[in-house]
Amino acid sequence: MPEGPIIVILKEAAEQFNGKKIIAAVNDNHKLDTSLFEGQTVTGFKSHGKNFFICFKHFNVRIHLMMFGSYTINEHKARKPRLGLQFANGELNFYTCVVEMIEGPLDELYDWHADVMNQKWSSAKAVEKLQDKPKALACDVLLDQHIFAGAGNIIKNEVLFRTKIHPKSLIGSIPTRKLKEMVDEVATYSFEFLKWKKEFTLKKHWKAYGQKICPRNKVPFHKADLGKTHRGCYYCDLCQVLYA
DNA sequence: CCCGGTGTTACAAC
DNA sequence: GGTTGTAACACCGG
């Protein structure tokens with residue numbers, strides 16, 4: 001159930017296995033040769049947006065939890081995991097997820113400037129990418145993983161509400177200053193998401209996502225699947241400006 | 001015919 | 001019953 005901040009939490013929690021050797025590995029289908037993992041030592045954990053990577057000397061494993069994926073650490077569910085790793089000091093399990101072997105360096109595949117929660121995140125590069133898409137809608141670009149890796153539907157809705165931008169606004173019609181504000185708010189909210197998630201108070205802080213009434217104007221929110229992404233938007237006509 | 005873009009569908013688990 | 005997400009296709013226009 002993972003937008004970027006959840007993957008950061010996973011990465012931090014997995015650190016206890018960094019530098020540890022895999023004693024045994026299991027999976028719930030025959031699409032993975034888990035013998036490749038056995039005896040291997042983890043050299044690090046990384047994340048890029050919603051992707052999680054387990055790194056080894058000669059290869060990396062990409063895990064994507066999609067919509068309904070989950071993980072457990074030092075406990076497990078009744079069913080077999082899609083990928084389960086046993087270490088001397090515990091276990092790391094992933095369920096209902098995509099698991100992919102990556103042979104080459106991650107740097108050739110992933111643009112770290114696009115990862116909202118990465119130290120290398122560049123808001124300036126994000127603004128440049130947006131300026132190349134003047135006809136795109138705000139509600140679509142905020143889900144574009146090449147621009148905002150890690151942003152999902154919750155982050156999208158909260159950012160649009162916070163910056164008072166209507167989801168159907170055209171990127172090319174949003175003043176540059178406002179566009180920069182939107183870009184920066186993706187990072188700001190993502191780190192607040194992370195903090196609140198750790199405190200188990202994420203939902204309590206939602207102002208728009210899943211809400212019925214605009215907290216500013218006390219009028220009902222609209223709820224509609226908008227844009228080419230057809231994802232749910234919660235928005236208020238009174239305070240969210242439509243740049244058309 | 002290929003290529004990029006768009007649209008539809010499938011899948012998953014709570 | 002709805003969905004914190006992508007990927008695999010089909011289709012279309014250039």
Side-chain angles (χ1 to χ4, degrees), chain A residues 1-11 13 27-29 31-32 47-53 61-72 75-84 93-102 109-111 114-117 129 132-137 139-162 167-168 171 185-212 221-235:
Chain A
M1 306 129 181
E3 298 193 22
I6 309 267
I7 306 305
V8 171
I9 290 172
L10 162 60
K11 185 170 60 175
N27 75 123
D28 65 351
N29 59 25
K31 292 177 183 173
L32 261 183
S47 66
H48 181 276
K50 300 164 191 168
N51 291 294
F52 177 66
F53 303 100
V61 180
R62 181 178 75 98
I63 309 258
H64 196 299
L65 298 177
M66 307 299 283
M67 284 272 257
F68 309 112
S70 60
Y71 66 89
T72 63
E75 55 188 79
H76 50 264
K77 306 188 180 193
R79 69 198 147 91
K80 265 190 168 180
R82 174 61 43 86
L83 176 62
N93 301 296
F94 299 94
Y95 301 86
T96 32
C97 57
V98 173
V99 180
E100 180 192 21
M101 299 288 292
I102 298 181
L109 296 175
Y110 295 93
D111 171 13
D115 180 4
V116 173
M117 304 196 73
K129 291 173 195 171
D132 281 343
K133 296 176 176 284
K135 292 181 180 169
L137 301 186
C139 62
D140 285 332
V141 298
L142 285 167
L143 295 174
D144 187 332
Q145 300 301 295
H146 294 106
I147 306 176
F148 301 106
N153 211 31
I154 295 170
I155 293 172
K156 175 193 84 178
N157 276 291
E158 293 299 308
V159 166
L160 289 173
F161 182 72
R162 285 175 164 212
K168 292 183 84 171
I171 293 305
E185 196 60 35
V186 177
T188 302
Y189 178 70
S190 291
F191 283 98
E192 291 184 39
F193 183 130
L194 175 64
K195 180 185 70 175
W196 288 328
K197 185 71 184 177
K198 287 176 172 175
E199 295 172 356
F200 306 103
T201 61
L202 179 64
K203 287 188 188 184
K204 194 181 83 182
H205 289 91
W206 283 341
K207 301 284 191 222
Y209 180 79
Q211 305 305 299
K212 300 254 188 285
F221 268 127
H222 294 278
K223 164 72 165 77
D225 292 344
L226 301 181
K228 65 180 182 183
T229 47
H230 303 123
R231 301 296 303 279
C233 293
Y234 299 82
Y235 59 100

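Numbers restart at 1 for each chain; the letters A, B, ... are given by sequence-line order, proteins then strands.
- Computed from coordinates, the A/Ile9 CD1 to C/dT4 C1' distance equals 12 Å when rounded to whole Å.
- In terms of phosphate contacts, A/Lys133 brings no side-chain nitrogen or oxygen within less than 4.0 Å of OP1 or OP2 of B/dG5.
- For A/Glu3, counting side-chain heavy atoms from C-beta on, the closest listed nucleotide (C/dT6, C/dT4, B/dC14) is C/dT4.
- Heavy atoms of other residues, nucleotides or ligands lying less than 6.0 angstrom from NZ of A/Lys11 number more than 12.
- With C/dT3, B/dA13, B/dG7 as the choices, the nucleotide that has an atom nearest any side-chain atom of A/Arg79 turns out to be B/dA13.
- For the pair A/Lys223 and A/Thr229, both in contact range of DNA chain C, the more 5′-proximal nearest nucleotide belongs to A/Lys223.
- Test A/Trp196, A/Tyr189, A/Phe193 against A/Pro5 for side-chain contact (heavy atoms from CB on, under 4.5 Å) and you get one pass: A/Phe193.
- Under the Watson-Crick or G-U wobble criterion, with both distances below 3.5 Å, C/dT4 has no partner in any strand shown.
- Rounded to an integer number of Å, the gap from CE of A/Met67 to C1' of C/dG1 is 13 Å.
- OP1 or OP2 of C/dG5 has not a single side-chain nitrogen or oxygen of A/Gln145 nearer than 4.0 Å.
- Of the candidate nucleotides C/dT4, C/dG5, B/dT6, C/dG5 has the atom nearest to the side chain of A/His64.
- A centroid separation of less than 6.0 Å is found between the aromatic rings of A/Tyr110 and A/Phe53.
- Within a 6.0 Å radius of NZ in A/Lys203, other residues, nucleotides and ligands contribute 12 heavy atoms or fewer.
- Protein atom CG of A/Asp144 is 13 Å distant from nucleotide atom C1' of C/dT6, rounded to whole Å.
- Look at CG on A/Asp132: it is 17 Å from P on B/dG4, rounded to the nearest Å.
- The side chain of A/Arg231 places no N or O atom within less than 4.0 Å of a non-bridging phosphate oxygen (OP1 or OP2) of C/dT3.
- Protein atom CD of A/Glu158 is 12 Å distant from nucleotide atom C1' of C/dT4, rounded to whole Å.
- Of the side-chain N and O atoms in A/Lys135, none sit less than 4.0 angstrom from OP1 or OP2 of B/dG5.
- Residue contacts for A/Lys203: at a heavy-atom cut-off of 4.0 Å it reaches no nucleic acid atom on any strand shown.
- The closest side-chain donor-acceptor pair between A/Lys156 and A/Thr229, if any, does not fall under 3.5 angstrom.
- Proximity note for A/Asn153 (side chain, C-beta onward) versus C/dT4, B/dT8, B/dC14: the nearest is C/dT4.
- Rounded to an integer number of Å, the gap from A/Leu142 CG to C/dT4 P is 14 Å.
- In terms of phosphate contacts, A/Tyr95 brings no side-chain nitrogen or oxygen within less than 4.0 Å of OP1 or OP2 of B/dA13.
- Atom CG in A/Asp225 sits about 13 Å away from atom P in C/dG5, given to the nearest Å.
- C/dC9 and B/dA12: their P atoms are spaced 16 Å apart (whole Å).
- A straight line from CG of A/Leu65 to C1' of C/dT4 spans 11 Å, rounded to a whole angstrom.
- Look at B/dG7: its Watson-Crick or wobble partner, with both distances under 3.5 angstrom, is C/dC9.
- Contact check, A/Arg62 against C/dA7: a side-chain N or O comes under 4.0 Å of OP1 or OP2.
- Side-chain atoms of A/Lys50 lie closest to C/dT6 of the nucleotides C/dT4, C/dT6, B/dA12.
- Taking a cutoff of 4.0 Å between a charged side-chain nitrogen and a carboxylate oxygen, A/Glu192 and A/Arg162 qualify as a salt bridge.
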